[in-house]
Amino acid sequence: GGETTDPYNTGLNVAGGNYEVRGNVLRNFYKQGSGVGEGVAIILSASSSGGVCERNFCENDTEADGTIGIFAGSGGAHQVTGNVITGFKDAIQGGGTPGSPMTARLNTIRLRAPLEGSTGINAFYGLVEQNLLVGYETPLSGAAALAGQGNAIYP
């Protein structure tokens, strides 16, 4: 775990299987140019799979385009659980593949003000359940997210 209050462009970039990303405080990550991965607090890269990303606090003071709280769209079998994500245009981008699904459970995700084009959780394969989403134009996107159970959504 650690804490930063400096405006870097990328927080943690995780590679490798069976990873554990727990209890970090990540603040103020913004897109600063055209680089891939800029404006992302936690990236679970294509080579990462079979791990947990839980109980992290990701916050942006300013809500801005091009920001992602947790990117878990590559690799697979990600367990994204119990995170608090606030101020990111796209809170959790996941997807995985049919053989390597993502689980997004018990996350608290919010925007302080509506942001056009914002998405709370985007997931195509896996399980999306019991998350709290506040202030997103599209709270849930993708087949897994739309099929999820017990998600609480507020405007």
Side-chain angles (χ1 to χ4, degrees), residues 1-14 21-45 48 51-76 78-96 101-155:
E3 180 175 353
T4 180
T5 57
D6 295 327
Y8 297 109
N9 62 3
T10 303
L12 301 172
N13 190 355
V14 179
V21 178
R22 290 188 168 111
N24 296 283
V25 175
L26 299 124
R27 297 194 66 236
N28 296 325
F29 294 90
Y30 303 103
K31 192 160 187 70
Q32 298 180 11
S34 61
V36 174
E38 289 187 3
V40 184
I42 299 173
I43 299 172
L44 307 175
S45 70
S48 66
V52 296
C53 180
E54 65 182 12
R55 297 186 323 268
N56 297 289
F57 180 80
C58 305
E59 177 185 45
N60 276 349
D61 291 337
T62 303
E63 297 168 347
D65 285 340
T67 57
I68 302 171
I70 298 173
F71 178 77
S74 303
H78 304 295
Q79 300 291 320
V80 180
T81 306
N83 298 285
V84 175
I85 302 168
T86 184
F88 288 84
K89 181 177 180 182
D90 298 303
I92 298 174
Q93 280 194 357
M102 177 189 78
T103 298
R105 178 183 290 132
L106 300 171
N107 297 288
T108 300
I109 299 166
R110 78 177 179 91
L111 286 175
R112 291 176 287 279
L115 188 58
E116 185 178 341
S118 60
T119 302
I121 300 175
N122 183 14
F124 294 96
Y125 300 100
L127 178 65
V128 176
E129 68 178 11
Q130 299 176 358
N131 297 284
L132 172 63
L133 300 104
V134 178
Y136 281 87
E137 183 175 87
T138 304
L140 300 171
S141 177
L146 293 172
Q149 300 288 315
N151 295 297
I153 299 170
Y154 297 93

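Because the structure is predicted, anything quoted here is derived from the model rather than measured.
- When the side chain to side chain contact (heavy atoms under 4.5 Å, CB included) test is applied to Leu132, the partners found at least two apart in sequence or on another chain are Thr108, Val134, Ala152, Tyr154.
- Atom CD1 of Ile42 sits about 4.0 Å away from atom SG of Cys53, to the nearest 0.5 Å.
- Distance CD1/Ile68 to CD/Glu38: 11.5 Å, rounded to 0.5 Å.
- Between the Thr67 side chain and the Gly39 main chain, no donor and acceptor come within less than 3.5 Å of each other.
- Pairing each heavy atom of Pro101 with each of Gly126, the nearest pair is CB-CA, 3.3 Å.
- In this structure, Leu133 and Gly120 approach most closely via the heavy-atom pair CD2-CA, 3.8 Å.
- For Asn24 (side chain) and Asn56 (main-chain N/O), no donor-acceptor pair under 3.5 Å exists by modelled atom type.
- With sequence neighbours left out, the side chain to side chain contact (heavy atoms under 4.5 Å, CB included) criterion links Ala147 to no other residue.
- From Thr138, atom OG1 reaches atom OH of Tyr136 across 11.5 Å, with rounding to the nearest 0.5 Å.
- Scanning both residues, Ala72 and Val80, for their nearest heavy atoms gives CB-CG2, 4.5 Å.
- One finds the CG atom of Asn83 at 8.5 Å from the CD1 atom of Ile109 (value rounded to the nearest 0.5 Å).
- Proximity of Lys31 to Val40: side-chain heavy atoms (C-beta onward) are nowhere separated by under 4.5 Å.
- Checked by atom type and distance alone, the side chain of Asn131 never pairs as donor or acceptor with a backbone atom of Asn151 at under 3.5 Å.
- Side-chain atoms of Glu63 come within 3.5 Å of backbone atoms of Ala113 as a donor-acceptor pair (strictly under, hydrogens ignored).
- Applying the side-chain hydrogen bond (donor to acceptor under 3.5 Å, both in side chains) criterion to Asn60, with sequence neighbours excluded, gives no partner residue.
- Sorted by first then second residue, the side chain to side chain donor-acceptor pair (under 3.5 Å) pairs that include residues 109-121, not counting sequence neighbours, are Thr86-Arg112.
- Between Ser45 and Asn13 the shortest heavy-atom distance is CB-OD1, 3.8 Å.
- Rounded to the nearest 0.5 angstrom, Cys58 SG and Leu12 CG are separated by 8.0 Å.
- A distance-only check finds no donor-acceptor pair linking the side chain of Gln130 to the backbone of Arg105 [under 3.5 Å].
- When the side chain to side chain contact (heavy atoms under 4.5 Å, CB included) test is applied to Gln79, the partners found at least two apart in sequence or on another chain are Val52, Thr81, Thr103.
- Shown here for Ile121 and Ala145, the closest heavy-atom pair between the two residues is O-CB, 3.8 Å.
- Atoms CZ and CD1, from Phe57 and Ile85 in turn, are 10.5 Å apart once rounded to the nearest 0.5 Å.
- Contacts of Asp61 classified as side chain to side chain contact (heavy atoms under 4.5 Å, CB included), with partners at least two apart in sequence or in another chain: Arg27, Asn28, Tyr30, Glu59.
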